[in-house]
Amino acid sequence: QVQLVESGGGSVQAGGSLRLSCVASGPANDRRCVAWLRQVPGKEREGVGTIYIVDGNTRYADSVEGRFTISQDSAKTTFALEMNNLKSEDSATYYCAADLWTRGYCSVQVTDFRYWGLGAQVTVSS
């Protein structure tokens, strides 16, 4: 059984930076695709970025490309989301999610992951 635990987040002014971490446990094969998604109340959950843990391939939503970076540690159990040059529209609850998706399917367009963390709040004030 895969479990995901997020940490980090908080409040920051526009232009600032924050880091989220996601610690994963359980079979690596069941969490080959790790994703960060975010949701604002009243809106649909949207993909922010993904990492295919087998080869470290990352993909990002256009809205965060060049500002956000996903990385993994050598054990492939801790995944970080570095967020720079934050904007007010980045304010949301951020979730770590995982599933066994293939490299080609592991993308920000996918939102139906089997495993989810509880979420971490990010608030950006302008």
Side-chain angles (χ1 to χ4, degrees):
Q1 182 75 9
V2 173
Q3 292 186 326
L4 304 169
V5 179
E6 300 113 333
S7 62
S11 298
V12 68
Q13 288 191 330
S17 299
L18 284 173
R19 175 187 170 99
L20 298 177
S21 289
C22 173
V23 178
S25 59
N29 193 58
D30 289 346
R31 50 180 176 83
R32 288 178 294 187
C33 178
V34 174
W36 288 97
L37 303 96
R38 64 187 181 187
Q39 189 168 26
V40 175
K43 293 188 177 182
E44 291 188 357
R45 196 169 291 177
E46 65 169 338
V48 172
T50 59
I51 184 166
Y52 187 64
I53 72 169
V54 176
D55 60 7
N57 182 64
T58 55
R59 296 175 175 176
Y60 301 96
D62 290 344
S63 59
V64 306
E65 182 79 55
R67 300 189 297 121
F68 289 15
T69 303
I70 297 174
S71 61
Q72 62 179 353
D73 67 350
S74 58
K76 301 179 181 181
T77 58
T78 301
F79 305 90
L81 177 65
E82 297 278 357
M83 302 180 289
N84 298 312
N85 190 22
L86 282 160
K87 305 175 182 180
S88 57
E89 52 263 42
D90 294 319
S91 296
T93 301
Y94 283 72
Y95 296 90
C96 177
D99 213 313
L100 48 65
W101 306 135
T102 61
R103 189 179 193 272
Y105 195 66
C106 186
S107 72
V108 294
Q109 283 73 38
V110 176
T111 59
D112 58 339
F113 290 84
R114 187 183 319 178
Y115 306 107
W116 293 85
L118 296 180
Q121 183 65 39
V122 170
T123 302
V124 183
S125 57
S126 56

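For this chain, numbers begin at 1 and follow the sequence in order. As a basis for the values below, the full set of heavy atoms in this structure was taken, side chains included, without hydrogen atoms, waters or symmetry mates.
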Side chains of [X] and [Y]: closer than 4.5 Å at any heavy-atom pair?
X	Y	answer
R103	V54	no
M83	V64	no
W101	D112	yes
Y52	R32	yes
C96	W36	yes
Q1	Y115	yes
S21	R19	yes

Please determine which of T78, L81, L4 meets the side-chain contact (heavy atoms from CB on, under 4.5 Å) test together with C22.
-> L4
Is [X] reaching over with its side chain to a backbone N or O of [Y], donor-acceptor style, under 3.5 angstrom?
X	Y	answer
E6	L118	yes
R31	A98	no
Q72	I53	yes
Y60	I70	yes

Could you name each residue pair satisfying salt bridge (charged side-chain N to carboxylate O under 4.0 Å, His left out) that touches residues 33-47, not counting sequence neighbours?
-> R38-E46, R38-D90
From [X] [atom1] over to [Y] [atom2], what is the distance, rounded to the nearest 0.5 angstrom?
X	Y	atom1	atom2	result
I51	C33	CD1	SG	9.5 Å
D99	R114	CG	CZ	5.0 Å
S125	L86	OG	CG	10.5 Å

How about D62: does its CG atom have over 12 heavy atoms from other parts shown lying under 6.0 Å from it?
->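 Check fails, neighbour count at 12 or below.
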Testing the basics here: between [X] and [Y], what is the closest heavy-atom pair and its distance to 0.1 Å?
X	Y	answer
V2	P27	CG2-O, 4.0 Å
L20	G9	CD2-N, 3.0 Å
A120	G8	CB-O, 4.1 Å
V108	A61	CG1-N, 3.7 Å

Return the orientation label for the W116 and Y95 ring planes: parallel under 30°, perpendicular over 60°, tilted otherwise.
->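 Judged by the thresholds at 30° and 60°, the geometry between W116 and Y95 is perpendicular.
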Cluster check [X], [Y]: I/L/V/M/F/W/Y, side chain < 4.5 angstrom:
X	Y	value
L18	L37	no
F113	L100	yes
V124	Y94	yes
V122	V34	yes

